[in-house]
Amino acid sequence: MTYCVGMRLNSGLIFMADTRTNAGIDNISTFRKMYSWSVPGKSAITVMTAGNLATTQAVISLLEERSKSVDERNPSILEQPSMFQVARLVGDTLREVISEHAEGGQRADSSFHATIIVGGQIGDGEPRLFLIYPEGNFIEASEDTPFFQIGETKYGRPILVRAYDPDMSFAEAIKLMLVSFDSTIKANLSVGMPLDYQTYTTNSLTPGTIHRIERDDPYFETVSNGWGDALRLAFDSLPPFERSTD
């Protein structure tokens with residue numbers, strides 16, 4: 001499985017993804033799930049993927065291949081006039097790959113499905129964030145829905161819902177995401193370290209470097225242990241249940 005989060009902030013966008021894939025308990029591997037494309041001063045685009053690994057890698061490979069030579073490999077993700085058109089292109093590419101699997105006799109219900117988060121900024125447009133479904137359709141993040149999750153979402157969502165603030169800094173958002181990922185990792189073995197994250201500052205038109213947080217990262221250990229201690233203290237501070245339990 002997978003866990004990825006893309007979030008809108010007043011200062012820009014932030015992305016985080018785990019790197020674990022598994023095809024059974026005896027076949028666990030590490031694969032990158034975050035990718036970015038940019039033309040400095042013109043566009044900055046980040047994509048995160050969840051779902052069937054063959055499908056997601058095929059989508060990324062097509063997007064990468066078609067971005068290398070604009071004259072020969074259209075449509076290119078770097079030549080789209082807006083983030084809306086980028087989302088359409090990624091959705092069309094995802095639908096194309098899934099359709100090819102089906103036409104090739106590899107149909108297995110939802111076995112080849114995938115979901116994708118894409119975000120970034122092009123030119124004078126605003127930074128935008130989209131969630132793309134296997135069918136190729138998509139929705140956009142808004143003030144009411146300021147972040148998207150894909151993969152194993154249920155364990156980390158309550159933390160994001162309770163603590164998210166659009167005015168938080170990138171550092172605060174990373175801390176919040178790490179708590180969300182820590183809760184997910186502890187609850188589901190299909191999500192695991194290392195974690196990749198990337199920030200995008202509004203109007204910079206240059207994606208931040210993708211950084212990796214390893215399993216033995218001191219700050220992650222501090223957050224994980226501190227969150228566990230804080231939960232125990234909060235639980236102990238609640239008043240006891242005093243009604244009859246008979």
side-chain contact (heavy atoms from CB on, under 4.5 Å) between Leu13 and Phe170, worked out: CA-CA 9 Å; Leu13 303 172; Phe170 284 136; over 6 Å; no
Residues Gln149, Leu160; criterion side-chain contact (heavy atoms from CB on, under 4.5 Å); working and verdict: CA-CA 10 Å; Gln149 303 165 276; Leu160 300 178; 3.9 Å; yes
Leu195 and Leu178: CA distance, side-chain angles, deciding distance, side-chain contact (heavy atoms from CB on, under 4.5 Å) verdict: CA-CA 9 Å; Leu195 307 177; Leu178 287 178; 3.8 Å; yes
Evaluation steps, side-chain contact (heavy atoms from CB on, under 4.5 Å), between Ile213 and Met193: CA-CA 8 Å; Ile213 299 174; Met193 307 289 284; 4.0 Å; yes
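Side-chain atoms of Tyr35 and Thr49 include no donor-acceptor pair closer than 3.5 Å. Between the side chains of Asp144 and Ser142, no donor-acceptor pair of N or O atoms lies under 3.5 Å.
With hydrogens and angles ignored, the 3.5 Å screen pairs a side-chain donor or acceptor of Thr202 with a backbone N or O of Ser11. Listed for the Ser43 side chain is no donor-acceptor partner under 3.5 Å among the backbone atoms of Ile122. With Thr19 contributing its side chain and Pro194 its backbone, the two residues share a donor-acceptor pair below 3.5 Å.
Atom CD1 of residue Ile117 and atom CE of residue Met16 lie 12.5 Å apart, to the nearest 0.5 angstrom. Leu131 contributes atom CG, which lies 11.5 Å from atom CD of Glu140 (distance to the nearest 0.5 angstrom). Put simply, CG on Asp92 and CG on Leu94 are 9.5 Å apart, with the number rounded to the nearest 0.5 Å. We find the CG-OG1 distance between Asp196 and Thr209 to be 12.0 Å, quoted to the nearest 0.5 Å. Here CD of Gln80 is found 5.0 Å from CG of Leu89. Values are rounded to the nearest 0.5 Å. Note that the CG atom of Leu78 and the CZ atom of Arg66 stand 13.5 Å from one another [nearest 0.5 Å].
Environment of CD in Glu214: crowded, with over 12 heavy atoms of neighbouring residues, nucleotides or ligands closer than 6.0 Å. Within a 6.0 Å sphere centred on CZ of Arg95, heavy atoms belonging to other residues, nucleotides or ligands number more than 12. For Arg157, the CZ atom is loosely surrounded, since the number of other residues' heavy atoms within 6.0 Å does not exceed 12. Within 6.0 Å of the CG atom in Asp124, the count of heavy atoms belonging to other residues, nucleotides or ligands does not exceed 12.
A continuous path of hydrophobic side-chain contacts links Val97 to Val90 [ILVMFWY only; heavy atoms under 4.5 Å]. Cluster annotation: Tyr164 and Ile14 are assigned to the same hydrophobic cluster (Ile/Leu/Val/Met/Phe/Trp/Tyr, side-chain heavy-atom contacts under 4.5 Å, transitive). Under the 4.5 Å side-chain heavy-atom criterion for ILVMFWY residues, a single connected hydrophobic cluster contains both Trp227 and Phe220. Residue Ile45 is not grouped with residue Ile150 when hydrophobic side chains (ILVMFWY) are merged at heavy-atom distances under 4.5 angstrom, including chains of intermediate members. The hydrophobic cluster containing Leu129 does not contain Tyr197, counting ILVMFWY residues as joined when their side-chain heavy atoms lie under 4.5 angstrom apart, directly or transitively.
Using a 4.0 Å cut-off between charged nitrogen and carboxylate oxygen, Glu152 and Lys154 count as a salt-bridge pair. A salt bridge links Asp182 with Lys186: at least one charged nitrogen is closer than 4.0 Å to a carboxylate oxygen. Checked for salt-bridge contact, Lys33 and Asp18 meet the test: a charged N lies under 4.0 Å from a carboxylate O.
Ring geometry for Phe130 versus Phe138: interplanar angle over 60°, hence perpendicular rather than tilted (30 to 60°).
In terms of heavy-atom proximity, Ala163 sits nearest to Leu176 at CB-CD1, 3.5 Å. The two atoms that bring Ser183 and Ile159 nearest to each other are OG-CD1, 3.1 Å, heavy atoms only. Closest non-hydrogen pair, Leu9 versus Ala173, comes out as CD1-CB, 3.8 Å. The two residues Phe181 and Tyr3 come nearest to each other via the heavy atoms CE2-O, 3.2 Å. Among all heavy-atom pairs drawn from Gly6 and Met48, the shortest one is N-CE, 3.7 Å. Summarising the geometry of Arg20 relative to Arg215, their closest heavy-atom pair is NH2-NH2, 3.4 Å, with the distance given to 0.1 Å.
Paired with Phe148 under the rule side-chain contact (heavy atoms from CB on, under 4.5 Å), one option of Thr153, Ile132, Ile139 passes, and it is Ile139.
Side chains of Thr56 and Phe31 form no contact here, defined as non-hydrogen atoms less than 4.5 Å apart.
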